[in-house]
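Inspection log for the structure reproduced underneath, given as structure tokens.
Note on naming: letters A, B, ... go to the chains in the order of the sequence lines (proteins, then strands), and numbering restarts at 1 for each one.
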Protein chains: 2
Amino acid sequence: MAQMNKDSLIQFVQHVLPMSGGKAEQLVEKFEPRKIGRNEYLLKEGVVCNESHFIVEGLMRSFIYDLEGRDVTTAFYSRAMFPSDLLSFFKRVPSKEYIQAITDCETWYISYKDMQASFHEMPEFREFGRLNIINQYGILKQRMLSMLQETAEQRYSALIDSNQEVLQNAPLKHIASYLGITDTSLSRIRKDFIKK
Amino acid sequence: MAQMNKDSLIQFVQHVLPMSGGKAEQLVEKFEPRKIGRNEYLLKEGVVCNESHFIVEGLMRSFIYDLEGRDVTTAFYSRAMFPSDLLSFFKRVPSKEYIQAITDCETWYISYKDMQASFHEMPEFREFGRLNIINQYGILKQRMLSMLQETAEQRYSALIDSNQEVLQNAPLKHIASYLGITDTSLSRIRKDFIKK
DNA sequence: CCCATTTCTTGCCATATGCTAAGCGCAAGC
DNA sequence: GCTTGCGCTTAGCATATGGCAAGAAATGGG
């Protein structure tokens, strides 16, 4: 396997918490490369999430089965994002959701054990970790707001503006459940959309 | 002003991260009491959130004005919750939302500066802080899921089951915008609900 | 290459929710 | 006591979305 390049991860760390390149390299020292094939699972329901992945290339989604057995997409993850069940990872409880690769993916990952060790050894890592969680929270909150304020069509419009990759690779029904509507409705919305 | 009792805060800390009572007392040493009157603002848009409050008694809500100028309730906060704009507090950016007391409130609060100091001095405080943020994330995620999967009526039902205090003190229009519907719709849902 | 499956679209009708406006009850202030 | 404003309900109609089903189009596996 060709040696993967850590640059995107290092740049991401520096973007979250400004620091020297050398320090950033030190922070990500424990991250290991991984390739995940299309349709492969990164995490399954009932399992404690034990790794934190950073996506270099590819697209993933997380989903759950609701009470009626419907597959509900809870998030999409593409380049420079961390697909994981934060609750499961940090609280060491079984995951309630699945995470699956939509396309072939390449990631850098670190185990829970190594992350805890780095938390203890490097104050910058702690700070990076905290800011990263806060950012996840911010993303989720923004999405919550869009559910409260916007129509399904507006949410769809925002999604294709912000993440073309999802549109091109994820099947319509997964996008629909992510937006909180049915695939039928999304198909109609898309039709109206083309006219404009 | 009568001396407020720190027990509920101490118990909360121990609940989030099990530790001895003495250790817990040490953790919350920097928290100061505060009384907030009905309708008073804890935080306003454009201001950097500088304090983290723990509610001992009372009810608050956070809200924003959307692009059309509508008042949208983003959260309710009651006993043992932390009303704050996490993003503003930890990233030191201006808040996008308001936080206002619905009833007279009593809180224990700590300043950003003191919290940072405690983070550096006490590993347990760091761990408590991280778990606390993760828990906030979990609450938000759960609410996101309810928006994706449940009808407005189911969300209303869940709210009155879990937080009677909101129902009794918050005006219907604020509950409605929190649920993502109009006050008209909520009034109808409530009517249907009584029949059952 | 063919078959089976999945994905997407569309039509029909039902239901949920929004918008506007009217009306009622209640509490605050003059 | 009266007015005013607010909170809540209700009605009529418009729009958005869902449920179901059929069929077309694309995809994948042998």
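- In this structure, the side chain to side chain contact (heavy atoms under 4.5 Å, CB included) partners of S88(B), at least two apart in sequence or on a different chain, are V48(B), C49(B), D85(B), S95(B).
- Partners of S118(B) according to the side-chain hydrogen bond (donor to acceptor under 3.5 Å, both in side chains) rule, which considers only residues two or more places apart in sequence or in another chain, do not exist here.
- Between S185(A) and dT17(D) there is no side-chain polar atom (N or O) within less than 4.0 angstrom of OP1 or OP2.
- In this structure, CD1 of I189(A) is placed 15 Å from C1' of dT10(C), rounded to the nearest angstrom.
- Contacts classified as salt bridge (charged side-chain N to carboxylate O under 4.0 Å, His left out) and involving residues 120-140 of chain A (residues at least two apart or in different chains) are given here: K23(A)-E124(A), E127(A)-R130(A).
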Name the pairs: protein N/O against N/O of nucleotides 27-30 of chain D, kept only if under 3.5 Å.
none

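- Applying the side chain to side chain contact (heavy atoms under 4.5 Å, CB included) rule to T74(B) yields the partners L145(A), S62(B), I64(B), E97(B); only residues at least two apart in sequence or on another chain are considered.
- Distance D71(B) CG to dG7(D) C1': 14 Å, rounded to the nearest Å.
- A close approach under 4.0 Å does occur between a side-chain nitrogen or oxygen of T182(A) and OP1 or OP2 of dG18(D).
- Atom CD of Q149(A) and atom P of dG18(C) are 14 Å apart (whole Å).
- The distance between atom CD of E68(B) and atom C1' of dG18(C), rounded to the nearest whole Å, is 13 Å.
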>> For a salt bridge (charged side-chain N to carboxylate O under 4.0 Å, His left out) check, start with the C-alpha distance between E106(B) and K35(B), then their side-chain angles and the critical distance, and finish with the verdict.
In response: CA-CA 5 Å; E106(B) 297 179 3; K35(B) 286 188 187 268; 2.8 Å; yes
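- Applying the side chain to side chain contact (heavy atoms under 4.5 Å, CB included) rule to S78(B) yields the partners L59(B), M81(B), N163(B), E165(B); only residues at least two apart in sequence or on another chain are considered.
- A straight line from CG of L148(B) to P of dT17(D) spans 14 Å, rounded to a whole angstrom.
- Listed candidates were dC8(C), dT17(D), dC8(D). Nearest to the side chain of R190(B) is dC8(D).
- Applying the salt bridge (charged side-chain N to carboxylate O under 4.0 Å, His left out) definition to pairs two or more places apart or across chains, those involving residues 63-79 of chain B are E57(B)-R79(B), R61(B)-D71(B), D66(B)-R70(B), E68(B)-R70(B).
- Rounded to an integer number of Å, the gap from CG of N39(B) to P of dC6(D) is 13 Å.
- Think of F63(B) as one node in a network of Ile, Leu, Val, Met, Phe, Trp and Tyr side chains linked at under 4.5 Å; its network also takes in Y41(B), Y65(B), Y98(B).
- When atom types are taken as modelled, the side chain of Q154(A) and the backbone of T151(A) share a donor-acceptor pair closer than 3.5 angstrom.
- The six-membered or imidazole ring of Y112(A) lies near that of F89(A), with a centre-to-centre distance under 6.0 Å.
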Return the polar atom pairs (N/O with N/O) between nucleotides 22-27 of chain C and the protein under 3.5 Å, or none.
none

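- Looking at Q11(A), its side chain never comes within 3.5 Å of a backbone N or O of S8(A) through a donor-acceptor pair.
- Looking only at distances, no side-chain donor or acceptor of S185(B) sits under 3.5 Å from a matching main-chain atom of I181(B).
- In this structure, the CG atom of D183(B) is 12 Å from the C1' atom of dT17(C), given to the nearest Å.
- Residues passing the side chain to side chain contact (heavy atoms under 4.5 Å, CB included) test with Q164(B) are L167(B), Q168(B), sequence neighbours excluded.
- Protein atom CG of D192(B) is 8 Å distant from nucleotide atom P of dA16(C), rounded to whole Å.
- Using a 4.0 Å cut-off on heavy atoms, the residues of residues 156-176 of chain B that approach DNA chain D are P171(B), L172(B), K173(B), listed by number.
- In this structure, R34(A) pairs ionically with E51(A), as a charged nitrogen and a carboxylate oxygen lie closer than 4.0 Å.
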Taking only N/O atoms, report every protein-nucleotides 11-14 of chain D pair under 3.5 Å with atom names and distance.
residue, atom, partner, partner atom, Å
dG12(D), O6, R188(B), NH1, 3.4

